[in-house]
Amino acid sequence: MMAAGPSAEPVVGRGPLAQSCLVGIAILAFLSGCATRVGVVPANQSHPVAHAAMSQVTLPWWYDPLDREITRRHNLQALLRRNPDRALLELQAVVSRCPEMGEVATLADLNCRYGRKLERTQPQKALGLYLNAAALAYERIANWNALCSTNAWNTRMVQSYNQANAGAAMLLQRLPGGLRTNHVVSVGDRSFWIEAQSGDAFSGPGLYDQWLSADDWNQTGLSHRYRNEGLGARLIAIRTNRQATALEAHQPDEGIIHPSTAILRFGSAYGDAGALKTSLVFYSPALSPQVDFGGRRWPLAADYTIPWATLLSRTRPLFKTRWTALIRPGETSRPHRLYLMEPYSPDRIPVIMVHGLRSTPLAWEQLTNELKGDPEIRRCYQIWHYLYPTGLPFLTSAAAFRDDIEEVRRMLDPEDRDFATHNIIVIGHSMGGLLARTLVTDSGDALWNSTFAIPVSELDPDLEQLPELRRMFYFQPKPYIKRAVFIAVPHRGSKSADGIFGRFVSRRVRLPDELHKFIARLRTSITGLLKPEAAALFDRGYPNSIRVLSPNTPGLIALAELPIAPSTPFHSIIGDRGLGGGPKSSDGVVPYWSSHLPGASSEVFVPASHRTYESPEAIAEVKRILTLHLTELAQREGRVLAGHGSESAERHSP
């Protein structure tokens, strides 16, 4: 686009120039790909104006109106200023004689506050203060009948316990040996023997390289932040993906980053020194939302958005591949792969999301966050993303997609008995919906006969190209795909592919030479193989993705006419740009006549352009469909999925 200077004139009426500008605009619209950039920033930098104002008034570490009530009662305010260690010991003695809630809560809070003050200069002492605070709170909370906030002291006790958990988790990593070594820590007249443990199969000191406190970070770019209230430290668990195993090859290259929660548990005295036996126990809150605490079930505190935002903040290289994957699909560093976005659970339904043209799985960042933020969906589903080079024609990518799913199913479930691998939902946007379509359709001979003049049965069975042709043109419904959601999918193509901007981009796509050689050898070895209406598609060798999205593509027309398997309910979400829907509507790229499929369980118009996947209305519809699927599954099979009981109310913020 040209920048208009002071003497710039309108371009209207200047044919070539006007066309050039319109082409540029149209290309941007047609190829509107990925997503908003997501980042994370330290919490104390999120509001610089407010932070600067607060820095004008620096309050002493021990100052708190609620604590002051107790410290005044016991004449400890002056001693706190002069000798905080002595003051805390005296308050500890008071608590030993008279363990009133106010005194205990104040002592725990002051230990946390003093620990935060000493974290940089005396980390070992700060750790001891955190452990002391947590031990004080642990004993009281474990005796409650419920996690309550009926008064300020109860609230303060939970806050201190959670802050102490976070502080201990951060500081233990800084000690020699970190979380993989046991430590003895002393403070005042108390000692703690502490070790890190796994609370479930998906957590623990051996599974991650680093933990960060989620409460220390804010995010930008995602519409909401989802946090669960409860007990424990809300953490971000991070491990470098070294691609050392088959499973790691199907996890994000940027790192394996998941929500984590840590709670401190205290036992009896241990060893000759009488140190209190202490465990820092890690959990995956999505899979273990509640834990036993004091003989009761308690919800775990958790943050589901900040770990996701942390992963997204590292995806700039992936974001850049959206162009390479379209223009030079054979050269992209990530050709095609199914990614597990969270620890695999054999009891939760996988939701596979498939992006569209000139895009990557980053298109699903908002939808993924919203699904992670819904307690019922989070308990019952697990999210997978599929990445593929979008310059390849959809039948080629679809064949790889089907192979990848089979490979991952075998890897995760070699005995073929998991509920998860037999109950999968697929969501496809735009061209990704065409890939998904091949999972729920019986091709029969329809696609082959739409393109080739010679029946497959009459070809030489030893023909070199025959296995690959069968792989692309023949497929059957996958019985493990239990539902499909099509979002702005060009089932019958888009006229944009034949327009000036479609041809402009198409001419710049460079497919791998071996694909062109594949077609050249095939056409040379069998004269008249292609039908006349299909031959034009191969006039420049192997066709690219944009060319085959033309409404005139025989294979696309044939696929659109095939019914979806009766056993697989499917849904359509269609953008109408807020113009009221109807048969003449369009999202700006895909018109209704192309995105409509007869027989859908539901068809919903949303006021969105082709980037329908990030529309709040589309996200709400996906959540409705997933909830409906659970209801129908329960009615049909009487199955309760991944039930862990109810969770406490969640908070979300812009």
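Side chains are part of it too, since the values below use all heavy atoms of this structure and drop only hydrogens, waters and symmetry mates.
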Salt bridge check: are [X] and [Y] linked by an N-O gap of less than 4.0 Å?
X: Arg510; Y: Glu331; answer: no
X: Arg239; Y: Glu248; answer: yes
X: Glu406; Y: Arg409; answer: yes
X: Glu514; Y: Lys517; answer: no
X: Asp253; Y: Arg337; answer: yes
X: Arg624; Y: Glu621; answer: yes

Does [X] make a cation-pi contact with [Y] (under 6.0 Å, within 45 degrees of the axis)?
X: Arg508; Y: Phe504; value: yes
X: Arg492; Y: Trp593; value: no
X: Arg378; Y: Tyr304; value: yes
X: Arg322; Y: Phe319; value: yes

Hydrogens and angles aside, do [X] and [Y] bring a side-chain donor and acceptor to less than 3.5 Å of each other?
X: His571; Y: Ser601; result: no
X: Asp374; Y: Tyr226; result: no
X: Ser288; Y: Asp200; result: yes
X: Thr441; Y: Arg437; result: yes
X: Ser430; Y: His610; result: yes
X: Ser223; Y: Gln366; result: yes
X: Arg334; Y: Thr321; result: no
X: Arg547; Y: Thr553; result: no
X: His355; Y: Thr390; result: no
X: Tyr542; Y: Thr396; result: yes
X: Asp404; Y: His336; result: yes
X: His422; Y: Asp416; result: yes
X: Asp587; Y: Tyr592; result: no

[X] side chain vs [Y] backbone, donor-acceptor pair below 3.5 Å:
X: Ser506; Y: Arg503; answer: no
X: Thr240; Y: Arg242; answer: no
X: Lys482; Y: Pro479; answer: yes
X: Ser595; Y: Ile574; answer: no
X: Asn241; Y: Gly255; answer: no
X: Ser525; Y: Arg521; answer: yes
X: Asp418; Y: Thr421; answer: no
X: Arg577; Y: Pro607; answer: no
X: Ser494; Y: Pro490; answer: no
X: Ser594; Y: Pro591; answer: no

Distance (rounded to the nearest 0.5 Å) between [X] [atom1] and [Y] [atom2]:
X: Ile352; Y: Ile424; atom1: CD1; atom2: CD1; answer: 4.5 Å
X: Ile327; Y: Leu511; atom1: CD1; atom2: CG; answer: 10.0 Å
X: Ile405; Y: Leu435; atom1: CD1; atom2: CG; answer: 9.0 Å
X: Leu311; Y: Glu365; atom1: CG; atom2: CD; answer: 10.5 Å
X: Thr527; Y: Ile454; atom1: OG1; atom2: CD1; answer: 8.5 Å
X: Leu326; Y: Arg358; atom1: CG; atom2: CZ; answer: 8.0 Å

Would you say [X] and [Y] make side-chain contact, with heavy atoms under 4.5 Å?
X: Ile425; Y: Ile349; answer: yes
X: Leu439; Y: Phe475; answer: no
X: Glu632; Y: Arg483; answer: yes
X: Trp308; Y: Ile257; answer: no
X: Pro477; Y: Thr568; answer: no
X: Ile238; Y: Ile256; answer: no
X: Leu387; Y: Leu318; answer: yes
X: Tyr344; Y: Trp384; answer: yes

Taking the six-membered ring for Trp and the full ring for Phe, Tyr or His, determine whether the centres of Tyr386 and Phe401 are under 6.0 Å apart.
->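 Centroid separation for Tyr386 and Phe401: below 6.0 Å.
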Under 6.0 Å between the ring centres of Phe202 and His258?
->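 When the ring centroids of Phe202 and His258 are compared, they turn out to be at least 6.0 Å apart.
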Under the side-chain contact (heavy atoms from CB on, under 4.5 Å) rule, what do Gln219 and Thr310 come out as? Steps first, then yes or no, please.
-> CA-CA 8 Å; Gln219 62 85 22; Thr310 301; over 6 Å; no
Determine, step by step, whether Glu614 and Arg611 satisfy the salt bridge (Lys or Arg N to Asp or Glu O under 4.0 Å) criterion, reporting the C-alpha distance in whole Å, the side-chain angles of both residues, the deciding distance to 0.1 Å, and the verdict.
-> CA-CA 6 Å; Glu614 59 188 13; Arg611 290 173 63 156; 3.1 Å; yes
Can you see which heavy atom on Pro285 is nearest to which on Ser260, and at what distance?
->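 Minimum heavy-atom separation between Pro285 and Ser260: CD-CA, 3.8 Å.
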Do other residues, nucleotides or ligands put more than 12 heavy atoms under 6.0 Å from the [atom1] atom of [X]?
X: Lys623; atom1: NZ; value: yes
X: Arg417; atom1: CZ; value: no
X: Gln243; atom1: CD; value: yes

Evaluate side-chain contact (heavy atoms from CB on, under 4.5 Å) for Phe394 paired with Leu559, printing each intermediate quantity in order.
-> CA-CA 11 Å; Phe394 72 88; Leu559 180 62; 3.8 Å; yes
Option from His596, His491, His429 for which ring-ring contact (aromatic ring centres under 6.0 Å, His included) with Phe486 holds =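 When ring-ring contact (aromatic ring centres under 6.0 Å, His included) is applied between Phe486 and each of His596, His491, His429, only His491 qualifies.
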Output, in order, the C-alpha distance, side-chain angles, deciding distance and verdict of side-chain contact (heavy atoms from CB on, under 4.5 Å) for Leu371 and Met353.
-> CA-CA 12 Å; Leu371 297 187; Met353 301 179 185; 3.6 Å; yes
Under the side-chain contact (heavy atoms from CB on, under 4.5 Å) rule, what do Leu459 and Phe452 come out as? Steps first, then yes or no, please.
-> CA-CA 11 Å; Leu459 293 180; Phe452 300 105; over 6 Å; no
